[in-house]
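Working notes, beginning with the structure itself.
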Amino acid sequence: MAISDIYETAFDEDVQQETTTNRCPECDGQVMTNTVETVCEDCGLVIDEQRIDLGPEWRSFDKEQRERTGAPLTVARHDRGLSTEIGRGIDAKGNGLSGRKRRQLGRLRREQTRGKWQSKAERNLAHGLGEVRRISSALGLSEAIRNQACALFRSAQSADLLLGRSIEGMAAGSVYGACRCNGLTRTLDDVSKVAQVDRPRVMNCYKTLNAELGLPARPVTPGMFVPRFASELEISDSVRRRAEALAEAAEDGQITTGVSPSGFAGACIYKAARECEQGLTQAQVVAVADVSPVTLRKHRNALMETY
DNA sequence: ACGATTATTGCGTTCTT
DNA sequence: AAGAAAACAATAATCGT
């Protein structure tokens with residue numbers, strides 16, 4: 001299982017865009033894989049979720065007992081036998097203790113508080129990882145990405161990045177960060193919506209992750225949105241290819257700087273569909289790209305002026 | 001706090017049936 | 001002719017710096 005090993009250690013070492021070449025099942029063309037989304041270069045077929053179940057489970061402790069679904073086992077684990085206090089000085093009958101006994105109890109107490117501390121950290125970890133899992137599955141992310149997000153969260157906790165921030169927020173930030181590192185087109189809005197954490201908080205967590213951990217996040221370009229929108233709108237391959245070409249050309253120019261990538265991608269698709277005389281209304285594009293009609297037109301006009 | 005981008009609203013125009 | 005869709009302008013809200 002060499003592939004899973006790569007993903008497991010991806011964050012510890014140096015996260016690379018893991019690209020492999022394969023053949024498309026439909027047209028036998030070249031397919032591009034960027035860790036999660038597998039897209040055929042020729043026919044545009046999206047072979048998604050291909051890597052489901054290939055990755056290892058996120059638990060690094062308790063290797064024997066692996067769990068595939070449901071809440072993490074750790075919720076049944078917290079405070080297990082650790083809420084006991086050890087008194088000092090006297091025994092159960094109120095009698096004094098020998099020095100040797102007192103020292104023994106002192107050692108026990110020290111170990112016990114250590115155990116408590118560990119338990120708290122583990123509880124936070126379990127909670128956060130549970131959130132990461134929930135958000136990831138709500139967004140339909142593959143297991144590889146989910147594992148990376150979990151690894152990110154663990155790193156965040158180890159680096160004491162959770163201080164003053166909510167666990168939920170950091171979980172959302174980890175998921176978003178994992179998406180950004182793999183060129184996935186999940187919006188900050190997408191994440192914050194399912195995570196029930198408002199956008200600024202998610203952004204704050206993501207930024208601190210980025211700053212402290214040095215994520216290899218790539219900037220989001222309009223072209224990255226085109227395949228997703230294309231399959232959601234069920235447009236033809238020729239239109240999709242034209243839209244991709246438009247997006248790429250625009251990225252080379254300076255038109256795309258400062259504008260929302262998703263909106264611009266929508267404009268590319270709209271213009272491409274219009275060129276090919278395909279019945280694609282603005283309303284449809286606007287719905288999937290989540291922008292207003294006026295910005296769609298604005299970008300399309302900018303596109304028409306230069307190309 | 002400021003400048004730029006985007007959303008919203010309203011209204012006259014164009015295309016289709 | 002009627003209705004839908006696209007276009008345009010102005011103002012409000014939002015975002016990034």
Side-chain angles (χ1 to χ4, degrees), chain A residues 135 139 161 164-166 168-181 183-226 228-230 232-236 238-240 242-244 246-307:
Chain A
I135 297 167
L139 288 174
L161 265 41
R165 284 179 260 270
S166 72
E168 291 86 355
M170 190 54 82
S174 302
V175 173
Y176 181 63
C179 288
R180 287 291 300 269
C181 289
L184 278 198
T185 56
R186 297 300 186 279
T187 319
L188 202 57
D189 284 309
D190 294 334
V191 179
S192 82
K193 202 162 140 195
V194 304
Q196 308 272 40
V197 182
D198 47 16
R199 223 195 350 246
R201 288 176 193 278
V202 182
M203 189 43 148
N204 178 282
C205 290
Y206 168 69
K207 286 187 104 161
T208 55
L209 280 175
N210 214 357
E212 301 293 325
L213 266 41
L215 298 187
R218 320 179 68 79
V220 181
T221 64
M224 294 160 57
F225 284 93
V226 172
R228 200 176 105 198
F229 291 168
E232 281 185 40
L233 290 167
E234 293 177 356
I235 64 176
S236 67
S238 54
V239 176
R240 180 187 56 81
R242 172 65 181 146
E244 279 174 346
L246 280 172
E248 234 171 270
E251 284 161 23
D252 288 341
Q254 294 296 319
I255 314 167
T256 63
T257 53
V259 303
S260 90
S262 69
F264 200 90
C268 291
I269 289 190
Y270 177 63
K271 174 158 165 46
R274 188 46 88 78
E275 283 176 358
C276 299
E277 303 282 336
Q278 303 223 355
L280 189 67
T281 68
Q282 292 183 7
Q284 291 173 282
V285 181
V286 158
V288 300
D290 197 29
V291 288
S292 76
V294 299
T295 59
L296 185 70
R297 284 194 290 272
K298 189 176 152 232
H299 290 327
R300 204 233 3 208
N301 291 340
L303 223 40
M304 289 205 304
E305 278 176 18
T306 41
Y307 304 106

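Chain letters run A, B, ... following the sequence lines, proteins first, then strands; residues in each count from 1.
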Working to the nearest 0.5 angstrom, can you tell me the gap between A/Met203 CE and A/Thr208 OG1?
11.0 Å
Tell me the interatomic distance from A/Met304, atom CE, to C/dA7, atom C1', rounded to whole angstroms.
11 Å
Between C/dC8, C/dA6, C/dT14, which nucleotide has the shortest distance from any of its atoms to the side chain of A/Arg199?
C/dT14
A/Gln282 CD to C/dA6 C1': how many Å, rounded?
5 Å
Do the side-chain N or O atoms of A/Arg300 get closer than 4.0 angstrom to the phosphate oxygens (OP1, OP2) of C/dA6?
no
A/Asp189 atom CG is separated from C/dT14 atom P, nearest whole Å, by 13 Å
CZ/A/Arg180 to CG/A/Leu215 distance, rounded to the nearest 0.5 angstrom?
9.5 Å
Protein-nucleotide distance (A/Met203, atom CE; C/dT14, atom C1'), rounded to Å
14 Å
Does A/Leu161 offer a backbone N or O that forms a donor-acceptor pair with the side chain of A/Glu212 under 3.5 Å?
no
Quick one: what's the B/S/- string for nucleotides 6-13 of chain B, heavy-atom cutoff under 4.0 Å, read 5' to 3'?
SSB-----
For A/Gln284, does its backbone N or O pair with a side-chain atom of A/Thr281 as donor and acceptor, under 3.5 Å?
yes
Below 30° counts as parallel, above 60° as perpendicular, anything between as tilted: where do the rings of A/Phe264 and A/His299 land?
tilted
Drop me the distance from A/Asp190's CG to A/Leu184's CG, to the nearest 0.5 angstrom.
11.0 Å
